[in-house]
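Following: one structure in structure tokens, then a few remarks.
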2 protein chains.
Amino acid sequence: MREKVPDSPIERLRMTGLRPTRQRVALADLLFGRGDRHFTAEMLHAEAIGRGIPVSLATVYNTLHQFVEAGLLREVAVESSRTYFDTKTSSHFHFFIEGEGTLVDIDVPDLTVENLPEPPEGMEITRIDVLVRIAPKRERL
Amino acid sequence: MREKVPDSPIERLRMTGLRPTRQRVALADLLFGRGDRHFTAEMLHAEAIGRGIPVSLATVYNTLHQFVEAGLLREVAVESSRTYFDTKTSSHFHFFIEGEGTLVDIDVPDLTVENLPEPPEGMEITRIDVLVRIAPKRERL
DNA sequence: CTGTGTGCAAACTCTTTGCATAAGT
DNA sequence: ACTTATGCAAAGAGTTTGCACACAG
């Protein structure tokens, strides 16, 4: 008897037409269990294995992409050669902690980009990504 | 007798302490010759080869990273597994044309991000990336 | 000359794929 | 049963590295 989350992982999967297999349910459970999460495929795979969920890295990749396509997850471009995923799919922006490789939501409701021009003729805006890179403050250079 | 660009590629390289070798000069020439450019290592390599500049892909990668470190170039995170570079190093934001894989500067001087919160204690903002993804308008879904 | 840069091919990392086996409905 | 998903290991893309040769100062 949980709170707040009316749809269990299984419901969530059914809604998207994805068969609720062991692995998909287990991964969905990890991902959507509590709060928003930011991670790479390897991080999630390690976590799953650590919790005794038998799943291969290939399946983690497959599943993550299926989740993205189903709108359950979002991909965040941070660095080349490392794909980050985010469980929060609604419009929002991120801090990226350099060196640490961590993504953090910027929890400000009214964060906006001002004076954005129209996209070129015949084009429409798909999405706006704002990434604020931060690093430990240095005394002085 | 050019205009506007007081420092030749060679000057530019000297300023940064990089030896003006054939390849580096040739690449700098391609890159900083005219206007701002957005490209990947492979694109630049192909262009160099196409113009008869003998340079290996490895050297292109080396050179690009050296240029980034020297502040002559900037890296732009767009998609995982493809590193984009940008010859414009000053603060500005981009359109990314999906499907086409093209980056375009957003030429609006007063484009800003409003209501940005303070970074966490002891951290400072390194850089703010804004990427506006655009795609051909679809009739209706 | 002396040290740095270059090119090549091999190595590496992250990610995807092909195919036989296992699981869901 | 029938179909789709999984796991493994191998393949693939992009990027990096090690080392002998070449070039700039």
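Every heavy atom of this structure was used, including side-chain atoms; hydrogens, water molecules and symmetry mates were not. Here is the naming used below: chain letters follow the sequence lines, and residue numbers restart at 1 for every chain.
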**Asked** Think A:R14 has a side-chain N or O under 4.0 angstrom from the OP1 or OP2 of C:dG24?
**Response** no

**Prompt:** What integer distance in Å separates A:L18:CG from D:dT3:C1'?
**Reply:** 15 Å

**Asked** B:T40 near the nucleic acid: base, sugar-phosphate alone, or nothing, with a heavy-atom cut-off under 4.0 Å?
**Response** nothing

**Prompt:** Quick one: A:Y61 OH to C:dC14 P, roughly how many Å, whole number?
**Reply:** 7 Å

**Asked** Do any side-chain nitrogens or oxygens of A:T59 fall under 4.0 Å of OP1 or OP2 in D:dA5?
**Response** no

**Nucleotide nearest A:R24 when distance is taken to its side chain, options D:dT6, C:dG5, C:dA23** = D:dT6

**Request:** Tell me which nucleotide among D:dC23, C:dG24, D:dG7 gets nearest to the side chain of A:R22.
**Result:** C:dG24

**Complete:** Atom CD1 of A:I49 and atom P of D:dT6 are separated, to the nearest Å, by 14 Å

**Item:** Worked check of side chain to side chain contact (heavy atoms under 4.5 Å, CB included) between B:F85 and B:H65
**Value:** CA-CA 10 Å; B:F85 296 88; B:H65 289 146; 4.2 Å; yes

**Request:** Take the protein atom CG of B:N62 and the nucleotide atom P of D:dT16, then report the distance between them rounded to whole Å.
**Result:** 9 Å

**Request:** Could you check which of D:dG25, C:dG7, C:dG24 has an atom nearest any side-chain atom of A:P20?
**Result:** C:dG24

**Prompt:** Does CD belonging to A:E69 count more than 12 external heavy atoms closer than 6.0 Å?
**Reply:** no

**Item:** Interatomic distance where NE2 belongs to B:H65 and C1' belongs to D:dG14 [whole Å]
**Value:** 11 Å

**Asked** CZ of B:F85 versus C1' of D:dG14: gap in Å, rounded?
**Response** 11 Å

**Request:** Let me know, please, whether B:L57 or A:T63 comes out on the 5' side of the other along DNA chain D by nearest nucleotide.
**Result:** A:T63

**Asked** Starting at the 5' end of DNA chain C, which residue's closest nucleotide do you reach first, B:V60 or A:E42?
**Response** B:V60

**Asked** Heavy atoms under 4.0 Å, any strand shown: does A:H45 hit a base, just sugar-phosphate, or nothing?
**Response** nothing

**Prompt:** Please give, in whole Å, the distance from C:dT16 C1' to B:E79 CD?
**Reply:** 16 Å

**Complete:** Testing D:dC8, C:dG5, C:dG7 for proximity to the side chain of A:A58, the answer is D:dC8

**Asked** Between atom CD in A:Q23 and atom P in C:dA22, what is the gap in whole Å?
**Response** 13 Å

**Request:** Tell me which nucleotide among C:dT15, D:dT15, D:dT3 gets nearest to the side chain of A:A41.
**Result:** C:dT15

**Asked** Taking OP1 and OP2 of D:dG14, is either one under 4.0 Å from a side-chain nitrogen or oxygen of B:R82?
**Response** yes

**Message:** Taking only side-chain N and O atoms of A:S56, does any of them lie within less than 4.0 angstrom of OP1 or OP2 on D:dG7?
**Reply:** yes

**Message:** What I want to check is whether the side chains of B:D86 and B:H94 have a donor and an acceptor closer together than 3.5 Å.
**Reply:** yes

**Message:** Under 4.0 Å, counting only non-hydrogen atoms across every strand here, what does B:S80 touch: a base, just sugar-phosphate, or nothing?
**Reply:** nothing

**Prompt:** From the list D:dT15, C:dC14, D:dA5, which nucleotide is the closest neighbour of the side chain of A:T21?
**Reply:** D:dA5

**Message:** Tell me the closest heavy-atom pair linking B:R74 and B:I128, and the distance in Å.
**Reply:** NH2-O, 4.4 Å

**Message:** Pairing donors with acceptors under 3.5 angstrom, does anything connect the side chains of A:E79 and A:S81?
**Reply:** no

**Request:** Kindly compute the distance separating CG (A:D105) from NE2 (A:H38), expressed to the nearest 0.5 Å.
**Result:** 3.5 Å

